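Remember, it's a predicted structure, so these values are computed and weren't measured experimentally.
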Amino acid sequence: MGNVELLAPGGDIESIKAAIVAGADAIYCGLDNFNARRRAENISFDDLVGIVRVAHAHDCQVFLTLNIIILEHEVEALITLLNKLVNTNVDGVIVQDMGVFHLLSQHFPTLDVHASTQVTTHNSGQIHFLKQLGVSRVNLSRELNIDEIKHLTAVSHRVSVMTEVFVHGSNCIGFSGICYISSAYGGNSGNRGRCSQPCRDKYQTTKSGHSYPLNLKDNSAFSDVAALCDANVDSLKIEGRIKKSHYVYTVVQAWKQQLDQYLSQGTAESENIDLYKVFNRDFSNSYLSGKIGKNMFIDNPRDNSVTHFTKIYGGKSEQEVQQVKKHLYDEKTDIIQTVLAETDALDIGCLPLTLDFSGQNGTPLCITMTVNEKTITVTSEDALRHSDKYTMVATELEKRFKSLGADGYRITEWSFDDLESGLFLPFKALTELKEQLMVFLNDGQPLVSPVIKPVLSKSKEITSSAGLSILISTADDVEILKKSEIQAQVYYHMPDCLHAELDVLITLFTENPSLMPWFPSVLMEKDFQAAKVFLDCVRPTSLVTNNTGVAYVAKELNLNWVAGPYLNLTNSFSLVCLQQEFGCQGAFLSNEINRTQLKQIVCPPDFELHYSIYHPSLLLTSRQCLFQQTIGCKRTVFDLKCLRKCRKITSITNVKGTSFVIDKQKGCHNGLYGQHDYLNLNIIHAMSNAFSHFLIDLRDIHTETKTNFNKIEWVNAFSHVLKGSSDDYHQVTDLMGPTMNIQYRKGL
């Protein structure tokens, strides 16, 4: 058995210290910006330098989270941060955004890059995609079972990529990175680290009698450590960057003991009672075991500790419950005191630094720097000389060398006692001396020169009107559109359970060669392999994919492909990345950003921009059954048969009166949709010279948006709108409703 890393969360300084003393092998934490836990307290850059120093002294690595999507106006600030970060000893950066992957691989190759859980990695094609972007490890999707994890880890290791798996903490009801419920209905995008967790909200009691129908138990794979080690995963990751230090200490310590015992003795405990003493919503390992179903839900999003121990102790009266609460509170207090005692000696503060300048006429300038009980002396190649015009004075030297007191250090003493007055040394020589001192502070590593934001080439503006694209999902719709004379690109939405329909789909596309496939975000390995067979057999003229694994295959087969709207593309460098690395011909820009944010994006030459102007608002995709807690279901476990055969629809309403549609199409995972479809005709006029195609989604997702059009009339109306018909514009807006486009108005 090899070593397995225990990776701990660090939302604030005290939690990071707690993770270190509890035995974490690595910690992931975020700065105030560019990370996916804005609700955590996070840390400053000075804090980061001190944390890395202290962590390394305890054989613990530090990974920095840069795991949000980046807006165009933020790229320069991001590059400024990376220019500082590349000259620290941070052990890796965790990334979601395609543009950030590109900037790192092209301009900051010395930084180790990890793919965030926000990238939604769940098939082997995505591993190869990320490898090409220079990724050294991937955080696999939480929804995978142990066999899927084992397979993907083997694939990853063959291309020298490591895998990490979430083993403890909160479970999301939807796949990470493609969840928009908080963004669309609260203005707090999960892709920007601001998720307000509406899945934990209280809803009007459902038919099955539940008030929290989207609330899952917490994940705990504590009893599965043997299976995870057998799967050869490289890192076991604990969730919890908004949790406090006593939680982090307790969970990390329990997991460290479990892991060490298994690796040294080959035995493991079935559970640890301490894990129930800190915040939890009860635990489930059902994703890992593959038994995805009813027992994963809990109808209470709050701490389950008191309930758990009340049942254990057999408490029934209010007095007995209060005794349990007091006991847990006392234990929590003891843990907090233990953490404070054990972390008291961990000082991440800036290290004091002293500078002593010495020299006389005709001798080199000597600078002696002392920091952390280490001393270095550097001397100039040029000799000091007298000058009547330009002389080195203390204030000028302090100004020139004060930057040594940045980023984790503070200059506490300057000494010029042994420096003769009235002397001169060229500025270039002073700069060389300062760089030598900076290398010393950088643990002897050469400094990386700063990168200037690259200037991107821009495509020509489009002079003709944008074309119309249509998305359908049934063979009947194919026949309807064939009988019309509509000039449009027609995309066919491929099912998530693609392998079960492979032969039928190959026949459909062979008989309709102008039809183009539209691949969903989630394609588990068996379905991804079916997608490879499909593309190799059909060779469509073009395709849209929301799954990067399919993008990798399209590139390998030299097929024309367009990046879908759920790849969350919000900046120019993400487009450059997909074009240069994977031969992408075009991309849908994210529906999360507003007009100003869209206009800032530079379209590369020979690249087309697409935008969806009408579609049902998919808020999340879940591998879980969303009917268990709503209308009920006699099946307790969601399996392959459910995925292939089930077709259901219902709705839920939160206590504020906002409704959501739950729609399960045959062959697809459960989807949660907004009650109103997305309609944005304003962008047609606002950005007519930017987009080559606008898409309308004609799939039969039954929301509260109604229209008097049949599908042909629908297409005709939108087609005329694109040509500038004001009558059809008003016809669409008047005869279709209600609709929403709050994300376009508000943006990120």
Peer 1: Please test R200 against N215 for side chain to side chain donor-acceptor pair (under 3.5 Å), starting from the C-alpha separation and ending with a verdict.
Peer 2: CA-CA 5 Å; R200 308 287 185 193; N215 187 62; 2.8 Å; yes
Peer 1: Do any N or O atoms from the side chain of N442 and from the backbone of G444 form a donor-acceptor pair under 3.5 angstrom?
Peer 2: no
Peer 1: Look at the aromatic rings of F175 and H669 and report parallel, tilted or perpendicular, splitting at 30° and 60°.
Peer 2: perpendicular
Peer 1: To the nearest 0.5 Å, how far apart are CG in L620 and SG in C199?
Peer 2: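 The distance works out to 8.0 Å.
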Peer 1: Side-chain donor-acceptor pair under 3.5 Å between H122 and E143, yes or no?
Peer 2: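 Judged by distance alone, the side chains do not pair up.
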Peer 1: Mind checking whether F63 and H114 have ring centres under 6.0 Å apart?
Peer 2: yes
Peer 1: Please check this pair: side chain of D282 against backbone of K217, looking for a donor-acceptor N/O pair closer than 3.5 Å.
Peer 2: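 Checking the backbone N and O of K217 against the side chain of D282, no donor-acceptor pair under 3.5 Å is found.
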Peer 1: Strictly by modelled atom types, are Q126 and T121 linked by a side-chain donor-acceptor pair under 3.5 Å?
Peer 2: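 No, no side-chain donor-acceptor contact under 3.5 Å.
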Peer 1: Do K84's NZ or CZ and the ring of F45 fall within the cation-pi criteria of under 6.0 Å and 45°?
Peer 2: yes
Peer 1: Show the numbers, then the answer: is there a side chain to side chain donor-acceptor pair (under 3.5 Å) between S521 and N547?
Peer 2: CA-CA 5 Å; S521 299; N547 186 283; over 6 Å; no
Peer 1: Would the distance check show the side chain of R142 and the main-chain N or O of V165 forming a donor-acceptor pair, the cut-off being under 3.5 Å?
Peer 2: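 No; zero donor-acceptor contacts below 3.5 Å.
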Peer 1: Can you tell me how far the CZ atom of F166 sits from the CG atom of L7, to the nearest 0.5 Å?
Peer 2: 8.0 Å
Peer 1: As an exercise, state the distance from CD1 of I51 to SG of C60, rounded to the nearest 0.5 Å.
Peer 2: 10.5 Å
Peer 1: Show the numbers, then the answer: is there a side chain to side chain donor-acceptor pair (under 3.5 Å) between E320 and T310?
Peer 2: CA-CA 8 Å; E320 290 171 324; T310 300; over 6 Å; no
Peer 1: Where do F297 and P213 come nearest, in terms of heavy atoms and distance?
Peer 2: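 Smallest heavy-atom distance, with atoms named: CE2-O, 3.4 Å.
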Peer 1: To the nearest 0.5 Å, what is the distance between NE2 (H151) and OG (S156)?
Peer 2: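 Between atom NE2 of H151 and atom OG of S156 there are 9.0 Å.
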Peer 1: Under 3.5 Å, is there a donor-acceptor pair linking the side chains of Q322 and E318?
Peer 2: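 Yes, side-chain donor-acceptor contact under 3.5 Å.
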Peer 1: Backbone N or O of I70 within a donor-acceptor pair of the T570 side chain at under 3.5 Å?
Peer 2: yes
Peer 1: Measure the shortest side-chain to side-chain distance between V119 and N67 over non-hydrogen atoms and say whether it is less than 4.5 angstrom.
Peer 2: no
Peer 1: What are the two closest heavy atoms between G408 and D46, and how far apart are they?
Peer 2: N-OD1, 2.9 Å
Peer 1: Are D25 and K256 within salt-bridge range, i.e. N to O under 4.0 Å?
Peer 2: yes
Peer 1: So does S176 get a backbone contact from the side chain of T120, meaning a donor-acceptor N/O pair under 3.5 Å?
Peer 2: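 The answer is yes, because a donor-acceptor pair under 3.5 Å joins these two groups.
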Peer 1: May I ask you to decide if S170's main-chain N or O and E239's side chain share a donor-acceptor pair within less than 3.5 Å?
Peer 2: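 Yes, because the side chain of E239 sits within donor-acceptor range (under 3.5 Å) of the backbone of S170.
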Peer 1: Using a strict cut-off of less than 4.0 Å between a Lys/Arg side-chain nitrogen and an Asp/Glu carboxylate oxygen, indicate whether D230 and K150 qualify as a salt bridge.
Peer 2: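 Yes, this pair counts.
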Peer 1: Taking NZ, NE, NH1 and NH2 as the nitrogens, is one of them in R623 or E148 under 4.0 Å from a carboxylate oxygen of the other?
Peer 2: yes
Peer 1: Compute whether any side-chain donor of one residue and acceptor of the other, for N568 and Y180, lie under 3.5 angstrom apart.
Peer 2: yes
Peer 1: Before giving the answer on side chain to side chain donor-acceptor pair (under 3.5 Å), spell out for T333 and D330 the whole-Å C-alpha distance, their side-chain angles and the decisive distance to 0.1 Å.
Peer 2: CA-CA 5 Å; T333 302; D330 291 342; 5.2 Å; no
Peer 1: Looking at A115 and L130, what are the two nearest heavy atoms and their distance?
Peer 2: CB-CD1, 3.8 Å
Peer 1: Would you check if there is a donor-acceptor pair between the side chains of N191 and Q96 at a distance under 3.5 Å?
Peer 2: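 Yes, because at least one side-chain N or O of Q96 sits under 3.5 Å from a partner of the opposite role on N191.
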Peer 1: Quick check against the 3.5 Å criterion: does D639 have a side-chain atom that pairs as donor or acceptor with the backbone of C642?
Peer 2: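 Side chain of D639 to backbone of C642, a donor-acceptor pair under 3.5 Å: yes, one is there.
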Peer 1: Do S622 and N670 have side-chain atoms, one donor and one acceptor, less than 3.5 Å apart?
Peer 2: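 N670 and S622 do not have a side-chain donor-acceptor pair below 3.5 Å.
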Peer 1: Check whether the side chains of S208 and Q629 place a donor and an acceptor atom closer than 3.5 Å, and report yes or no.
Peer 2: no
Peer 1: Testing I13, D12, V52 one by one against D47 for a side chain to side chain contact (heavy atoms under 4.5 Å, CB included), which residue passes?
Peer 2: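 Exactly one candidate clears the test, I13.
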Peer 1: Nearest 0.5 Å please: distance from the NE2 atom of H246 over to the CG atom of D334.
Peer 2: 12.0 Å
Peer 1: Does E164 come within less than 4.0 Å of R137, counting only side-chain N to carboxylate O?
Peer 2: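 Salt bridge present between E164 and R137.
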Peer 1: Scan side-chain atoms only and decide if N285 and N219 contain a donor-acceptor pair under the 3.5 Å cut-off.
Peer 2: no
Peer 1: Say you draw a straight line from CG of L64 to OG1 of T88; how long is it, rounded to the nearest 0.5 Å?
Peer 2: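 One gets 8.0 Å once the value is rounded to the nearest 0.5 Å.
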Peer 1: Counting only N and O atoms by type, is there a donor-acceptor contact under 3.5 Å from the side chain of S182 to the main-chain atoms of N188?
Peer 2: yes
Peer 1: Do the charged groups of K277 and D274 touch, with an N to O distance under 4.0 Å?
Peer 2: yes
Peer 1: Would you call S284 and D218 a side-chain contact if the rule is heavy atoms closer than 4.5 Å?
Peer 2: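 With C-beta onward as the side chain, the pair stays apart.
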Peer 1: Are L441 and V371 side-chain neighbours, meaning at least one heavy-atom pair lies under 4.5 Å?
Peer 2: yes
Peer 1: Hey, are the side chains of Q624 and I173 touching, using non-hydrogen atoms and a 4.5 Å cut-off?
Peer 2: yes
Peer 1: Quick one: sort the Y276 and H308 rings into parallel, tilted or perpendicular, breaks at 30° and 60°.
Peer 2: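 Taking H308 first and then Y276, their aromatic rings lie parallel (interplane angle under 30°).
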Peer 1: Are T153 and T163 close enough that a side-chain donor and a side-chain acceptor fall under 3.5 Å?
Peer 2: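 Yes, T163 and T153 have a side-chain donor paired with an acceptor closer than 3.5 Å.
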Peer 1: Using side-chain contact (heavy atoms from CB on, under 4.5 Å), reason through V522 and M524 one step at a time and then give a plain yes or no.
Peer 2: CA-CA 6 Å; V522 178; M524 292 297 168; 4.1 Å; yes
Peer 1: Are V93 and L85 side-chain neighbours, meaning at least one heavy-atom pair lies under 4.5 Å?
Peer 2: yes
Peer 1: Between K243 and Y247, is NZ or CZ placed under 6.0 angstrom from the six-membered ring centre and within 45° of the ring axis?
Peer 2: yes
Peer 1: Is a donor on one side and an acceptor on the other found under 3.5 Å between the side chain of D299 and the backbone of Y212?
Peer 2: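 Yes.
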Peer 1: Locate the shortest heavy-atom distance separating I127 from L140; write the atom from each residue and the value.
Peer 2: CD1-CD2, 4.3 Å
Peer 1: Does a donor on one side chain and an acceptor on the other come within less than 3.5 Å for R194 and S183?
Peer 2: no
Peer 1: Any donor-acceptor pair under 3.5 Å linking the side-chain atoms of S305 with those of N280?
Peer 2: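 S305 and N280 do have a side-chain donor-acceptor pair below 3.5 Å.
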Peer 1: Say whether E342 and Y249, considering side chains only, have a donor N or O and an acceptor N or O under 3.5 Å apart.
Peer 2: yes
Peer 1: Does a side-chain heavy-atom distance below 4.5 Å link V167 with F222?
Peer 2: no
Peer 1: State whether a side-chain donor-acceptor pair under 3.5 Å links E5 with S235.
Peer 2: yes
Peer 1: Are R53 and L351 close enough that some pair of their side-chain heavy atoms sits under 4.5 Å apart?
Peer 2: yes
Peer 1: Whether the Q261 and E269 side chains hold a donor-acceptor pair (N or O, under 3.5 Å, no angle test) is what I'd like checked.
Peer 2: yes
Peer 1: Is D91 close to D112 at the side-chain level, that is, under 4.5 Å between some pair of heavy atoms?
Peer 2: no
Peer 1: Could you give me the CA-CA distance, side-chain angles and deciding distance for M296 and Y287, then say whether side-chain contact (heavy atoms from CB on, under 4.5 Å) is met?
Peer 2: CA-CA 9 Å; M296 291 181 68; Y287 276 140; 3.6 Å; yes
Peer 1: With ring centroids as reference points, do H210 and Y203 lie under 6.0 angstrom apart?
Peer 2: no
Peer 1: Write down the atom of L104, the atom of V113, and the distance for their closest heavy-atom approach.
Peer 2: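 L104 and V113 have their closest heavy atoms at CD1-CG2, 3.9 Å.
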